[in-house]
There are 2 protein chains.
Amino acid sequence: MSKQFKLPEDADLARADSLAREIFSDVANKWALLIIEAIGDGTRRFTELRASVDGISHKMLTQNLRLLERNGLVERFVHPTVPPRVDYTLTEPGRELRKTVDAMCAWTTRYLREIETARRSFDA
Amino acid sequence: MSKQFKLPEDADLARADSLAREIFSDVANKWALLIIEAIGDGTRRFTELRASVDGISHKMLTQNLRLLERNGLVERFVHPTVPPRVDYTLTEPGRELRKTVDAMCAWTTRYLREIETARRSFDA
DNA sequence: CAGTATCCCCAATGATACTG
DNA sequence: CAGTATCATTGGGGATACTG
């Protein structure tokens, strides 16, 4: 049985393990990863993200931004102006995670053709 | 607007782009990634995977294995025996993707505590 | 054992309307 | 503009039974 997460020898190892699974579930989803990628190394506003993450709904964006914020991957700056302006940036953990997302995107591009071919042969 | 996927200067760039999004959606989901991680560098049987991927249902396992097979990330060896025996292994693209999954798992472990802290402060 | 098929239902999601 | 709240819908996903 391969363990997905290497954990420190800890008294409550089981708790840490379940926490790891929980975090992984939060993070290993399409929208969260695409949002992280969209924020990138910049500062993005809500509307910018909405436009930049293709196909995401208003609700999904807020929901996932809250999730990312709660896990400390994204920082939220509310400008006390009217109309309101909110800027999102990645935190250090967020930036680190982004590196792996970058790798996943690169992987997708790299194997695009192979995958297309595999699909065609499978569908036949 | 940041583009998630860097694509070759291609006549039908748009098509490639939508394909990339599609593949990313297939791949950037919890179950697919955990299955890839569970297969690892070995040869795993259906039942082994079922036991190894915590919380996955019979249905989700078959479904995601088919998806991964269709995209050419896992290979399926059916032994013509009775009872049947089916072995799953990662293909080269699958092994490459696995590296990024490994990175994500490592990230999870690395930031476990920070995230836990962030959550607590957020929930307050 | 591995896989398909069926039923069924709850939760995830979209659409819409409203507020500071 | 950014966000919350509410409602309606659907399809994701579980449970179960059946087959080669």
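Convention: sequence-line order gives letters A, B, ...; per-chain numbering from 1.
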- Message: The criterion is salt bridge (Lys or Arg N to Asp or Glu O under 4.0 Å); which residues satisfy it with A:Lys59, sequence neighbours excluded?
- Response: none
- Note on the structure: Whole-Å distance, B:Arg66 CZ to D:dG13 P, equals 17 Å
- Query: Atom CG of A:Leu65 to atom C1' of D:dC1: distance rounded to whole Å?
  - Reply: 14 Å
- So do B:Arg66 and B:Arg70 actually touch side chain to side chain, heavy atoms under 4.5 Å? no
- Message: Quick check: closest heavy atoms across A:Thr100 and B:Ala103, and the distance to 0.1 Å?
- Response: CG2-CB, 3.8 Å
- Please report the C-alpha distance between B:Tyr88 and B:Glu69 in whole Å, then the side-chain angles of each, then the deciding distance to 0.1 Å, and finally whether the side chain to side chain donor-acceptor pair (under 3.5 Å) criterion is met. CA-CA 9 Å; B:Tyr88 291 96; B:Glu69 193 191 353; 5.8 Å; no
- Looking at C:dC1, D:dT4, C:dG3, which one has an atom nearest to any side-chain atom of B:Arg45? C:dC1
- Item | Sequence-distant partners of A:Phe24, ring-ring contact (aromatic ring centres under 6.0 Å, His included), two or more places apart | A:Phe5
- Query: Is the shortest distance from a Lys or Arg side-chain nitrogen in A:Asp41 or A:Arg95 to a carboxylate oxygen in the other one below 4.0 Å?
  - Reply: no
- Task: Extract the stems that DNA chain C is part of, considering only consecutive pairing runs of at least three Watson-Crick or G-U wobble pairs, both distances under 3.5 Å.
- Result: C:1-20 with D:1-20
- Query: Do the non-hydrogen side-chain atoms of B:Phe122 and A:Asn71 ever get within less than 4.5 Å of each other?
  - Reply: no
- Note on the structure: B:His58 NE2 to D:dG13 C1', in whole Å, measures 13 Å
- Message: So B:His58 and B:Thr62, do their side chains get closer than 4.5 Å, heavy atoms only?
- Response: yes
- Describe the nucleic acid contact of A:Arg50 in one word from base, sugar-phosphate, nothing, applying a heavy-atom distance below 4.0 Å. nothing
- Query: Partners of A:Asp17 by side-chain hydrogen bond (donor to acceptor under 3.5 Å, both in side chains), sequence neighbours excluded?
  - Reply: A:Arg21
- Polar side-chain atom of A:Thr91 near backbone of A:Gly72 as donor-acceptor pair, under 3.5 Å: yes
- Task: Check whether any side-chain heavy atom of A:Val53 lies under 4.5 Å from a side-chain heavy atom of A:Arg44, and answer yes or no.
- Result: no
- Between B:Lys30 (NZ) and D:dG13 (C1'), how many Å, whole number? 11 Å
- Message: If I take atom CG in residue A:Leu49 and atom C1' in nucleotide D:dG3, what distance separates them, rounded to the nearest angstrom?
- Response: 14 Å
- Check the distance between C:dT4's C1' and B:Phe46's CZ and give it to me in whole angstrom. 11 Å
Between the protein and nucleotides 12-15 of chain C, are there any N/O to N/O pairs under 3.5 Å, and if so, what are the atom names and distances?
unit_1	atom_1	unit_2	atom_2	d
C:dT13	O4	A:Lys59	NZ	3.4
C:dG14	OP2	A:Ser57	OG	2.5
C:dG14	O6	A:Lys59	NZ	2.5

- Item | Proximity to DNA chain C (any heavy atom under 4.0 Å), residues of residues 69-91 of chain A only | A:Pro84
